[in-house]
Amino acid sequence: MSSFIELFSGREDRERVLTEIVSSGLARCGVTLIAHVERATLEVLAVRSIPTPEPFVDGVPEPIGAISSLSHQLCAMATDIVPARTWTGDRWGPITGELVTVVCREGEAAISPVEEQFFWGWRYSNHLTAGFHGDVYVVTPGGWAGLLAEWSGCSPVLPVQAVTGDQSAPGVEWRQPVAPLPASPDDAGTAIPHAGDVVADSSGAPRPGECLLCYVSRMVLQFGCDNHLRFARQYRDARAPRATGLERRLANAGGFCDCEVLLNAYDLRPEHWLPALTHEEDGRTVIDEGERSPDSLPACTGVSTGSTQPCGLWQ
Ligand SMILES: [Zn+2]
Ligand SMILES: [Zn+2]
C-alpha cells in the first residue's frame with residue numbers, strides 16, 4: 001500500500017516495541033492488543049486489548065458485516081487512546097502516533113486470516129485521530145511475524161502463562177502455508193489446488209468487462225483471502241485462460257495471494273481515494289483526515305476479454 005509508512009527502522013527497534021507491548025500485562029492467548037506508539041520516540045503510550053474475533057474465513061455468510069463490526073470497534077478504540085489531531089494555527093498537526101496491532105495466539109508464528117482481518121478492519125475504520133493505523137503483528141509462544149513489513153523473529157514470544165491461563169481462547173483454524181510457485185507455468189495445473197475445489201460459494205464469475213483487480217478486490221472483501229491466488233486464478237480461468245504466467249507476474253510484484261495483490265502489487269489511483277475530511281472552525285477549513293481509501297470501489301472502467309491488466313482505477 002502506498003499509505004503504509006514503516007514505523008521501525010529495523011529488527012531491533014521493532015522487537016523492543018513488540019516486547020514492551022507484550023509485557024503490558026494484557027497479553028494472553030485469544031486477545032489482540034492495540035498499542036499507541038509515538039512515531040518520534042517509539043514510546044508505547046497506551047495499550048488496550050480486545051477479544052480476537054474469529055476471522056472471516058471461507059464460508060462465513062456475512063463477512064462484510066464482520067469487517068464492519070471490527071472496524072467500528074477499532075475506530076472506537078483509536079478515538080479512545082489517541083488524541084485528536086491538533087490544529088496549529090495555519091495547518092493541521094502531523095500524525096504523531098501509530099496504532100500497532102498485536103494478535104496474541106497459539107499456533108504458527110506466521111500471518112494468518114486472523115491477522116489479515118485487522119488490516120481490513122483498520123482500512124475501513126476511518127478514525128479521526130493523530131494516530132495512523134500501522135502494521136499488524138502476531139505473537140505466539142514460538143515467535144512473532146508482521147503482516148505488511150514482512151518481518152518475523154523469535155523474540156518476543158507470548159509468555160506460557162498467557163497461553164495456559166485462558167481456556168476461552170477462540171479456536172483458530174489453520175490454513176496451509178502459501179503454496180510454492182510452480183517451477184514453470186506448465187506445472188500450474190497440478191502444483192496448486194484450485195480454489196474452486198474448496199469453496200463453492202465464492203465461485204462467482206467476473207462481471208462483464210470487469211478487470212482482474214476489481215474482481216479480486218470485490219471477492220476478497222466478500223470472502224476473504226485463503227492465502228492463495230484463488231480469485232486471481234478464478235479470473236484467469238474465466239476470462240484469460242491463456243495468461244499462464246499470471247501467478248508469476250503477480251508474485252514478482254509481491255502478490256503471492258489475493259490480498260497481497262491488493263496490498264503490494266497494485267494500488268488504487270489517488271484520484272479515486274476519498275477526499276480529505278474537513279470542517280469549518282472560526283472561518284477556517286480544518287482537515288480532520290487526509291485522503292482515504294473509499295468504502296467501496298467505483299465501477300470498474302473495464303478491460304477487454306483476455307486481458308489480465310487492471311482497469312484505469314488501478315496503478
Ligand atoms: Zn492473502
Ligand atoms: Zn477494474
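Just the heavy atoms: all of them, side chains too, but no hydrogens, waters or symmetry mates, feed the values below. Each ligand, and each atom within it, is numbered from 1 in the order the structure gives.
Side chain of Arg249 to backbone of Thr308: a donor-acceptor contact under 3.5 angstrom is found.
Salt-bridge formation is detected for the pair Arg16/Glu20: a Lys NZ or Arg NE/NH1/NH2 atom is positioned less than 4.0 Å from an Asp or Glu carboxylate oxygen.
For the atom pair CZ of Phe118 and CD of Gln73, the computed distance is 7.5 Å after rounding to the nearest 0.5 Å.
The side chain to side chain donor-acceptor pair (under 3.5 Å) test with Tyr215 singles out one residue from Arg239, Arg207, Gln234, and that residue is Gln234.
For the residue pair Ser152 and Trp144, no side-chain donor N or O sits within less than 3.5 Å of a side-chain acceptor on the partner.
Scanning both residues, Leu313 and Thr301, for their nearest heavy atoms gives CD2-CG2, 4.1 Å.
Within the protein, the N, O or S atoms sitting under 2.8 Å from the Zn ion (ligand 2) are Cys211 SG, Cys214 SG, Cys300 SG, Cys311 SG.
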